[in-house]
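No experiment lies behind these values; they were computed from the predicted model shown.
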Amino acid sequence: MAERSFKKEVKKLHAGAGETFQGEGILAVTKALLQSGVAYVGGYQGSPISHLMDVLADAKDEILDDMGVHFETSASEATAAAMLSASVHYPLRGAVTWKSTVGTNVASDALANLASGGVTGGTVVVIGEDYGEGSSIMQERTHAFAMKSHIWLLDPRPNLPSIVDAVEKSFELSEASHTPVMLQMRIRACHVHGHFTAKDNVKPSFTLGDALENPQRDLSRIVLPPSTFVHEKEKLEDRLPAAIQFIKEHRLNEVFDGPRKDIGLVVQGGCYNTTIRALEHLGLADAFGNSKIPLYVLNVAFPLVDDELLAFAQDKSALLLIEEGGPEFIEHEINSIFARAGCTTRLLGKSMLPRYGEYTCDVIKDGLRQFLQQQTPDLLQDEVGIKLVPSKPLSVEALDQAVPARPAGFCTGCPERPVFSAIKQLQREQGDFHISCDIGCHLFSILPPFNIGATTMGYGLGGASASAFNVPSRKPAIAIMGDGGFWHNGLTSGIGNSVFNKSDGVNLIIDNAYTAATGGQDILSSKADNPERSTQHSIARAVEGVGVKWVKTLSRTYDVKAMKQTLREAITTKGVGPKVVVAQSECMLNRQRREKRERRKEIQDGQRVVESRFAIDGDTCTGDRACIRLSGCPSLTVKPNPDPWRSDPVTHIDNSCVGCGLCGENVHADILCPSFVKVEVVRNAGWLERQRRRLSQAVIGWLQRRAAKQQQLELLEGVSQ
């Protein structure tokens with residue numbers, strides 16, 4: 001299963017020539033692939049490109065199979081990149097996708113080899129550029145890798161017609177230059193909505209079956225010396241000129257003219273929408289994109305086209321380059337182009353705009369204002385001649401004081417939270433451990449309230465991150481990874497490496513039944529039946545298969561006491577090699593999505609439904625909030641103390657509680673306090689249950705009235721005395 005279903009939307013993929021296709025950016029990419037005659041598609045999920053994998057998975061039965069398009073979810077980004085080798089010798093169009101830059105790092109070896117030998121059929125890598133304010137990874141750009149390996153990089157304007165055209169032209173550009181192409185989809189472009197005029201879907205003219213029946217081999221495209229030295233020469237003397245010629249002939253880059261001729265803007269395609277919005281705020285463009293300042297839009301970020309840049313710069317005194325992030329690769333290259341050609345137009349970029357960070361509307365607006373004040377201050381006059389005053393930025397200090405910090409954390413009821421509650425309790429007994437973390441939801445354990453975990457090196461590299469600590473010690477290193485990371489890279493680089501080097505460390509593998517962090521896609525160890533994939537493969541058996549002797553599996557992570565005892569045993573057991581603890585519990589988000597649907601239907605059908613919730617007795621709670629420090633569940637909060645003689649607030653459980661029971665487990669495992677109460681909410685209760693409830697409420701009400709009367713009597717007696 002996946003985070004989001006596209007079963008309804010994929011029916012739109014049948015749209016034929018002339019029909020209007022309306023939807024999300026990711027759906028438009030899929031339609032463009034089909035219109036391009038793609039023969040195979042693969043990839044690895046990850047934000048912001050996860051939904052492309054979900055769309056393709058949902059489209060398999062609906063349209064891909066009928067079109068003769070092979071789709072599969074790759075084991076890693078390296079697997080996906082290597083898949084493109086099908087296009088090296090055959091006229092097969094292939095596409096793969098992953099999250100960058102982390103995915104590109106994983107795929108780098110295969111990509112570099114692919115770019116070296118070149119391709120026959122068009123190959124496109126749809127890159128989810130996870131950069132900026134919504135990012136979840138280290139801040140780097142794909143641009144550097146594209147330049148390094150001479151892979152052409154498209155960065156289309158973020159609207160559906162431009163995105164669809166970029167996909168189609170990417171295949172053509174790849175074939176014209178025998179070079180793989182990267183199509184950069186920024187976070188906002190992935191989820192932009194709009195419409196475009198569809199074309200007919202095209203079945204691949206040459207299929208994978210044709211290739212198998214008629215195998216071909218071109219020795220010049222195989223990456224081995226002496227061909228490798230020829231490949232480098234080809235890149236510069238043949239492929240690059242062919243790519244530039246194609247870009248010019250098909251006008252992949254765009255020029256938007258404006259009445260002001262003495263200055264201009266050079267804009268990365270992905271920054272176009274934000275730039276137009278910033279110009280609109282300054283009164284220099286309208287909502288339809290008509291700008292007073294000419295724009296040269298780089299829908300192809302690499303390679304640059306000298307002729308086009310020089311033509312745009314002609315008769316202009318200065319250009320502002322809007323290049324997001326650093327280093328300023330494009331700025332350096334344009335300066336070199338201008339210097340070689342003797343162009344005197346001044347190029348300004350990072351001197352006006354930040355060297356790092358996402359270029360939001362306010363950021364670009366401030367850079368534009370500074371550029372215009374320096375070059376053409378008259379443009380900063382509105383229609384009645386009043387100079388525009390720079391807007392005052394919000395005070396970050398004031399906002400920081402008003403809004404409390406809210407670090408990323410686990411969802412309500414997350415089955416990973418009790419694992420770290422157990423570790424925290426264990427550390428209180430035995431002191432702190434060195435803990436190597438991994439990519440995934442469990443990474444949030446580094447932050448409050450758990451504050452454990454020292455490193456994160458990459459997906460599935462939790463075990464490898466602890467490999468240097470393979471030395472005798474009373475406290476072994478602990479390595480953590482999720483089931484997704486385990487199958488992606490961790491089995492070999494982490495567990496296999498530990499076995500080979502006779503490590504005595506502890507490896508904790510959190511198995512929540514699918515790649516929860518990327519949207520709930522199935523993996524080898526998923527519990528559910530999947531008609532298209534082979535699932536239900538045991539992680540424990542896999543680690544035993546590479547030589548692990550000590551493996552323990554806990555089928556319920558919410559048992560904090562059992563989790564703590566198992567980890568204690570793993571830490572204290574010596575001389576058996578690496579220890580592996582597999583902690584199993586389904587991702588609560590996916591579980592709630594499924595159970596809420598089932599529960600609603602049962603309630604509508606009049607069936608008896610019991611929902612478990614937890615509550616806290618405010619009169620018993622002491623207000624020390626140890627339960628919050630050990631759990632950090634979003635449903636645990638505070639409220640005023642009901643006792644008028646006590647000022648400290650007491651802990652309170654709000655209505656978002658899903659009844660996972662962790663707070664109660666922590667109480668028992670750590671012997672905290674007796675204030676937690678389990679409550680069962682019964683819907684569609686039977687007649688006997690309703691009568692029993694009325695009776696109990698009547699008895700409780702009578703006891704409360706009696707107690708209140710007794711208090712009044714005692715108070716009156718005290719006053720009379």
Side-chain angles (χ1 to χ4, degrees), residues 1-8 45 50-51 54 57-58 409-421 440-442 444 482-484 510-523 525-533 535-536 539 553-560 562-563 582-616 631-637 652-666 676-686 689 693:
M1 65 180 296
E3 178 181 325
R4 177 178 166 189
S5 172
F6 288 86
K7 288 290 186 184
K8 293 181 180 178
Q45 60 274 354
S50 290
H51 285 338
D54 297 336
D58 287 340
F410 299 102
C411 301
T412 302
C414 176
E416 300 188 16
R417 185 179 283 108
V419 175
F420 301 109
S421 294
C441 298
H442 37 87
F444 298 145
D483 46 1
I510 298 176
D511 178 9
N512 46 31
Y514 15 67
T515 54
T518 60
Q521 293 83 4
D522 280 334
I523 50 178
S525 53
S526 294
K527 303 299 184 292
D529 290 322
N530 188 320
E532 305 293 341
R533 306 283 181 266
T535 56
Q536 304 179 32
I539 290 176
T553 299
L554 280 82
S555 59
R556 185 178 180 275
T557 61
Y558 296 104
D559 189 342
V560 176
M563 178 63 65
V582 183
Q584 296 179 331
S585 271
E586 184 183 7
C587 166
M588 184 57 74
L589 268 182
N590 276 337
R591 179 179 170 182
Q592 287 297 312
R593 288 189 184 105
R594 184 183 69 254
E595 291 186 350
K596 282 182 178 179
R597 287 195 300 267
E598 295 170 355
R599 200 157 49 236
R600 279 196 300 269
K601 187 177 185 307
E602 289 171 352
I603 293 171
Q604 289 171 359
D605 293 343
Q607 297 180 39
R608 180 180 183 273
V609 176
V610 180
E611 298 177 49
S612 295
R613 294 287 178 85
F614 281 77
I616 292 175
S631 168
C633 179
S635 66
L636 279 172
T637 180
H652 171 67
I653 300 178
D654 66 26
N655 204 41
S656 65
C657 171
V658 295
C660 72
L662 173 60
C663 47
E665 288 289 339
N666 279 333
F676 283 85
V677 179
K678 184 176 181 180
V679 178
E680 289 188 341
V681 180
V682 181
R683 301 182 188 276
N684 296 327
E689 282 182 306
R693 179 173 179 270

Looking only at heavy atoms, what is the nearest atom pair of C657 and G659, with distance? SG-N, 3.2 Å
Please report the closest heavy-atom contact between A513 and S526, naming both atoms and the distance. O-OG, 2.7 Å
Step-by-step side-chain contact (heavy atoms from CB on, under 4.5 Å) determination, L636 to I653: CA-CA 5 Å; L636 279 172; I653 300 178; 3.6 Å; yes
Using 30° and 60° as the class boundaries, would you call the ring planes of F420 and F410 parallel, tilted or perpendicular? parallel
If you measure from CG on D58 to NZ on K8, what distance do you get to the nearest 0.5 Å? 12.5 Å
Verify side-chain contact (heavy atoms from CB on, under 4.5 Å) between M588 and C411, making sure each step is shown before the conclusion. CA-CA 8 Å; M588 184 57 74; C411 301; 5.8 Å; no
Salt-bridge present (E586, K527; N to O < 4.0 Å): no
Working to the nearest 0.5 Å, report the span between CZ of R556 and CE of M563. 10.5 Å
Taking the side chain as C-beta and beyond, is there a heavy-atom pair between R533 and D522 under 4.5 Å? no
Rounded to the nearest 0.5 Å, the CD atom of Q584 sits from the OG atom of S525 at a distance of 8.5 Å
Could you give me the CA-CA distance, side-chain angles and deciding distance for D559 and L554, then say whether side-chain contact (heavy atoms from CB on, under 4.5 Å) is met? CA-CA 9 Å; D559 189 342; L554 280 82; 5.9 Å; no
Quick one about D54 and Q521 (side-chain donor to acceptor, distance below 3.5 Å, no hydrogens or angles considered), yes or no? yes
Between CG on residue N512 and CG on residue L589, distance to nearest 0.5 Å: 10.5 Å
Can a donor-acceptor pair be found between the side chains of D529 and Q536 at a distance below 3.5 Å? yes
Between D654 and S656, is there a donor-acceptor pair closer than 3.5 Å when you use the side chain of the first and the backbone of the second? yes
Strictly distance-based, threshold 3.5 Å: is any side-chain N or O of T535 a donor or acceptor partner for the main-chain N or O of A528? yes
First locate atom CG of L662, then atom OG of S421, and finally report the distance between them rounded to the nearest 0.5 Å. 4.5 Å
So I510 and E416, side-chain contact (heavy atoms from CB on, under 4.5 Å) or not? Walk me through it. CA-CA 7 Å; I510 298 176; E416 300 188 16; 3.5 Å; yes
Quick check: does any side chain N or O of N684 sit under 3.5 Å from a backbone N or O of V609, one acting as donor and the other as acceptor? no
Would the distance check show the side chain of D511 and the main-chain N or O of V582 forming a donor-acceptor pair, the cut-off being under 3.5 Å? no
Is R417 close to F444 at the side-chain level, that is, under 4.5 Å between some pair of heavy atoms? no
Check each of Q592, Q604, R594 against R599 using the side-chain contact (heavy atoms from CB on, under 4.5 Å) test, and report the only one that passes. Q592
How about R693: does its CZ atom have over 12 heavy atoms from other parts shown lying under 6.0 Å from it? no
Return the minimal non-hydrogen interatomic distance between V682 and R608, and the atom names on each side. CG1-NE, 3.9 Å
Could you check whether any side-chain N or O of T557 sits under 3.5 Å from a backbone N or O of S585, counting only pairs where one atom can act as donor and the other as acceptor? no
Shortest non-hydrogen pair, P418 vs V560, comes out as CB-CG2, 3.9 Å
